[in-house]
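One structure below.
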Amino acid sequence: MVTALRRAAVFLLLVAALAPPLSAATRYDPRLRFRTITTPRFYVHFHQGEEAEARRLARIAEEVASRMDADLGPADGRVHVILVDQTDLSNGWATPVPHNVIEIAAAAPPGESIIGNTDDWLRLVFTHEYTHIVHLSRKGGWIGGLRRVFGRQPLLYPNLFQPLWQIEGIATYEESAYTGQGRVPAGDFRMFLERASVADRFEPLDRVNGGLVDWPSGHAPYLYGAYFHQFLSDRYGAESLRRLTDETARRLPYTGTRAYKKVFGTSLGSLWTE
């Protein structure tokens, strides 16, 4: 038995010695050296060559947050914003777990892009991504009590489990409501919805949550979600969106649809039909 264990140990040592060295995976080019700007609500992280844009982004972040906090409510905690220029793809993403993080690609989109209806890319993309943080980090009722005890556990973020059309829809709507630009007022974006109506191919609720392989494909959650939230805002007032995000944040994951009845007095299905 002892001999067998020794042989096993020797074998493992040989494997370790002969294995190629491992290098730590990283999302960012290791040549980038990041620094941080601190504001009342944000840490803005940037690398060499981006200081001017980072300082402008820090000002934009506080301006947008001041307005949005009054409308949709504040984010749950300080937010890390990463500005990085290592790709030509204009994009951004956000997550509230395990920390509030927004990443923004510094490259602005061309005018012909579906997201190119803007003369201020940083303001547009930050507004969209900060809406995600505000929306997804929302807590209320007993959910808020559990989060104070157990911390930032994903299951205690009910809005994370909402359908993609709801998550991307409210952010796409708000990017335009706050900037006057973005996708909602863009003629090419709205044309997708108008053509669907003319062709009697207006998508039902169960088909707009992503995964479509036919037209309008990956645009469906953004397209239908944005104009649905505009409908809610126009019909029930912009403040109704905060009531909705507050109410869904009080419920168990995947049960948020019941909040529509409480906030709007009618079911989600009926609202979609309208």
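Keep in mind it's a predicted model, so treat the numbers as computed, not measured.
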**Request:** May I ask you to check whether Phe202 and Tyr224 place their ring centres under 6.0 Å from each other?
**Result:** yes

**Message:** Assess whether a salt bridge exists between Glu63 and Arg59, defined as any Lys/Arg side-chain N lying under 4.0 Å from an Asp/Glu carboxylate O.
**Reply:** no

**Asked** Between the main-chain N or O of Tyr28 and the side-chain N or O of His47, is there a donor-acceptor pair closer than 3.5 Å?
**Response** no

**Request:** Would you please say whether a donor-acceptor pair under 3.5 Å links the side chains of Glu175 and Thr127?
**Result:** no

**Item:** Minimum-distance pair of heavy atoms, taken over all atoms of Pro185 and Ser176
**Value:** CD-OG, 3.2 Å

**Request:** For residues Arg27 and Gln86, report the shortest heavy-atom separation together with the two atoms involved.
**Result:** O-NE2, 3.1 Å

**Prompt:** Does the salt bridge (Lys or Arg N to Asp or Glu O under 4.0 Å) test come out yes or no for Asp188 and Arg183, once each step is laid out?
**Reply:** CA-CA 8 Å; Asp188 57 350; Arg183 279 165 278 196; over 6 Å; no

**Request:** Name the orientation class of the two ring planes belonging to Phe228 and Trp272 (parallel below 30°, tilted from 30 to 60°, perpendicular beyond 60°).
**Result:** tilted

**Asked** Is there side-chain contact between Pro158 and Thr248, with at least one heavy-atom pair below 4.5 Å?
**Response** no

**Item:** Donor-acceptor under 3.5 Å (Ser217 side chain, His219 main chain)
**Value:** no

**Asked** Salt bridge check: are Glu247 and Arg258 linked by an N-O gap of less than 4.0 Å?
**Response** no

**Message:** To check you understand the geometry: which heavy-atom pair defines the closest contact between Thr95 and Ile133, and what is its length?
**Reply:** O-CD1, 3.3 Å

**Prompt:** Taking NZ, NE, NH1 and NH2 as the nitrogens, is one of them in Asp76 or Arg147 under 4.0 Å from a carboxylate oxygen of the other?
**Reply:** yes

**Request:** Return yes if some donor-acceptor pair links the side-chain N/O of Thr172 with the main-chain N/O of Gly169 below 3.5 Å, else return no.
**Result:** no

**Asked** From Arg195 CZ over to Leu193 CG, what is the distance, rounded to the nearest 0.5 angstrom?
**Response** 12.0 Å

**Prompt:** Between Glu194 (side chain) and Gly187 (backbone), is there a donor-acceptor pair under 3.5 Å?
**Reply:** no

**Prompt:** What do you reckon, are the aromatic ring centroids of Tyr227 and Tyr222 less than 6.0 Å apart?
**Reply:** no

**Complete:** Closest non-hydrogen atoms of Arg242 and Asp71, given as atom of the first, atom of the second and distance, are CD-O, 3.0 Å

**Prompt:** Would you find a donor on one side and an acceptor on the other, under 3.5 Å apart, between the side chain of His135 and the backbone of Thr131?
**Reply:** no

**Request:** Please name the pair of heavy atoms, one in Val208 and one in Glu203, separated by the smallest distance, quoted to 0.1 Å.
**Result:** CG1-CB, 3.5 Å

**Prompt:** Do the rings of Tyr254 and Phe161 sit parallel, tilted or perpendicular, given the 30° and 60° boundaries?
**Reply:** perpendicular

**Message:** Tell me whether Lys139 is salt-bridged to Asp246, with the criterion being a basic N under 4.0 Å from an acidic carboxylate O.
**Reply:** no

**Polar side-chain atom of Ser137 near backbone of Ala75 as donor-acceptor pair, under 3.5 Å** = no

**Asked** With no hydrogens and no angle check, do the side chains of His132 and Glu168 hold a donor and an acceptor under 3.5 Å apart?
**Response** yes

**Request:** Mind jotting down which residue pairs meet the ring-ring contact (aromatic ring centres under 6.0 Å, His included) criterion with at least one end in residues 60-85? Sequence neighbours excluded, please.
**Result:** Tyr43-His80, His45-His80

**Request:** Return yes if some donor-acceptor pair links the side-chain N/O of Trp165 with the main-chain N/O of Arg207 below 3.5 Å, else return no.
**Result:** no

**Test of ring centre spacing under 6.0 Å for Phe126 and Tyr130** = yes

**Complete:** Between Arg201 and Trp215 the two heavy atoms that sit nearest each other are NH2-O, 3.9 Å

